[in-house]
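To start, the structure under review is shown below, and the notes come after it.
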Amino acid sequence: MNFISIDDVSAEQIQKIFDIADRIKAGKMEVSVESNSVMVLLFEKPSTRTRISFEAAMAHLGGKSIYLDSLTTQLSRGESLSDTAKVISGYANYLVARLKKHSDIVELATNATIPVINALTDLEHPCQSLSDLYTVRDAKKALKGVRLAFVGDIAANTANSLMLAGTKMGVDISLIGPKEYPPNPVYYTKAKEYGSVDVYSDPKEGLSDVDVIYTDTFVSMGQESEAKQREALFAPYQVNAGMLKYANDDAIVMHCLPAHRGEEITSEVLDGPRSVVWDQAKNKMLIEEAILLYLSENEIE
Ligand code: CP
Ligand code: NVA
C-alpha cells in the first residue's frame, strides 16, 4: 500500500502508472479519487515542485490536501513518528512525506494504515524518477535501449532512485562523477542486477553514445556543511556546452530542479534547445496524479 522506495514497484506496475498518466493526458479517463479524500503532506525539508504538484494533482482528483511543515507539528516537541502516523491515518486517505531520514519514512509507513508516499528522503526520490522516465519516454519515444548518464552527485537520492527505475525499465545507465563520491553500494548492486549500469569518472568516456544527460545539485538538502569540499571535486562535472559535445547530437538535458545555475549546470544549457527541464517539472503533477489513482485501486508491495 506504500510507495516508499522505487523498489516497491515492478516494471509492470511502472508501466501501469504510465498508462494511467497517458489516459489522463489524453482526457480519456474519469479522474477522481473517493469523494472527500484527504491527502496530508508532511514535510521536513523545503519544496516547490513536489508540494505544489501533489496538491494540484489532488485538486484535479477532487480531493483535499493539508500541508504540514513538521516544525509546526508536535513532532517538533518530541511526539513520535509512529504516534503521528497512527493519528494521521484516522483523518486522511494518503500521507505524502518528505523527511530527512529514509528510516523515518519507513517508520511512518510501518505505523500508518493509509498509503504512505515518499516525496524525497536522504536516500530516495521515487516519484521524481517515475516522472523523469515518463519524460524520457515522451522525448525519445522509448525507454528500452536509451542510454541515460547521471552526471555529478551519483551518490544522491535522485541517482539512487533513477538508477533502479531506469534499469527496471531497460534504460542503460552511466553514472559519471568524482571517485570520492561513488554510488551508494546498495542501490548500485541492485541496479546491476536489473540491467546495465556503469560508473565513470571521466565525463568524455562516460558520455559516449548517451541520449539523456541528467544532473542534480552538487549539494543536496542537509549536506550544506560539505559545500566547500564538494565545490572543487564536482566542478569538472558541470553540465555545460563543452560537456554536451561528448554525448549524441540529439541528447536531451534533464534536471530535477531546483537548479544552481553556474554550478552543476550553466544557464546556457538549462535554457537551451536540448533542455527538457520544464516539461520534466510539469510531468511531476501528471505522474503524481497517476500514482494517487493507482494507489487508490491497487496495492504496491
Ligand atoms: N524536484 C523536486 O523535488 O523539487 P522540489 O524540491 O521543489 O519539490
Ligand atoms: N538531491 C536533491 C534533490 C532536490 C529535489 C536534494 O536532496 O536536495
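FYI, side chains are in, hydrogens and waters are out, and symmetry mates aren't considered; it's all heavy atoms of this structure. Counting convention: from 1, in listed order, for ligands and their atoms alike. The residues of the chain are indexed from 1 along the displayed sequence.
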Q | Backbone of Glu79 reached by a side-chain donor or acceptor of Asp83 within 3.5 Å | A |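 Absent.
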**Q.** Any donor-acceptor N/O pair, Asn160 side chain to Glu124 backbone, under 3.5 Å
**A.**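 Not a single qualifying donor-acceptor pair exists.
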Do [X] and [Y] have side-chain N/O donor and acceptor atoms under 3.5 Å apart?
X: Asn283; Y: Thr135; result: yes
X: Thr50; Y: Arg98; result: yes
X: Glu264; Y: Thr215; result: no
X: Tyr194; Y: Asp7; result: yes

Numbered atoms and elements of ligand 2 in range of [X], under 4.0 angstrom, heavy atoms:
X: Asn157; result: 1 (N), 2 (C), 6 (C), 7 (O)
X: Leu257; result: 5 (C)
X: Leu120; result: 3 (C), 4 (C), 5 (C), 7 (O)

Atoms of ligand 1 less than 4.0 Å from [X] heavy atoms?
X: Gln128; answer: 1 (N), 2 (C), 3 (O)
X: Cys256; answer: 1 (N)
X: Thr48; answer: 5 (P), 7 (O), 8 (O)
X: Lys284; answer: 1 (N), 2 (C), 3 (O)

Q: Check the pair Asn118, Ile6 against side-chain contact (heavy atoms from CB on, under 4.5 Å), reporting the backbone distance first and the verdict last.
A: CA-CA 9 Å; Asn118 183 350; Ile6 195 69; over 6 Å; no
Q) So, do Phe234 and Tyr181 have ring centers that fall under 6.0 Å from each other? A) yes
(Q) I'd like to know whether Asp22 forms a salt bridge (charged side-chain N to carboxylate O under 4.0 Å, His left out) with Arg137, so could you lay out the CA-CA distance, the side-chain angles of the two residues, the decisive distance to 0.1 Å, and finally the verdict. (A) CA-CA 11 Å; Asp22 286 341; Arg137 199 200 63 170; 2.7 Å; yes
Does an N or O anywhere in [X] fall below 3.5 Å from an N or O of ligand 1?
X: Pro258; answer: no
X: Arg51; answer: no
X: Leu257; answer: yes

Q. What is the distance from atom CG of Asp132 to atom CD of Gln280, rounded to the nearest 0.5 Å?
A. 4.5 Å
May I ask you to identify the nearest protein heavy atom to [atom], giving residue, atom name and distance to one decimal place in Å?
atom: atom 8 (O) of ligand 2; result: Met221 N, 2.8 Å
atom: atom 4 (O) of ligand 1; result: Arg49 NE, 2.9 Å
atom: atom 3 (C) of ligand 2; result: Asp216 OD2, 3.6 Å

Q) Which bit of Leu120 gets closer than 4.0 Å to ligand 1, counting heavy atoms only: side chain, backbone, both or neither? A)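 Looking at Leu120 and ligand 1, no heavy atom falls under 4.0 Å.
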Q: Check each of His125, Lys45, Arg98 against atom 6 (O) of ligand 1 and report the one with the nearest heavy atom.
A: Arg98
Q. Do Ser220 and ligand 2 have an N or O pair less than 3.5 Å apart?
A.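 Between Ser220 and ligand 2 (N or O atoms, distance only) the closest approach is under 3.5 Å.
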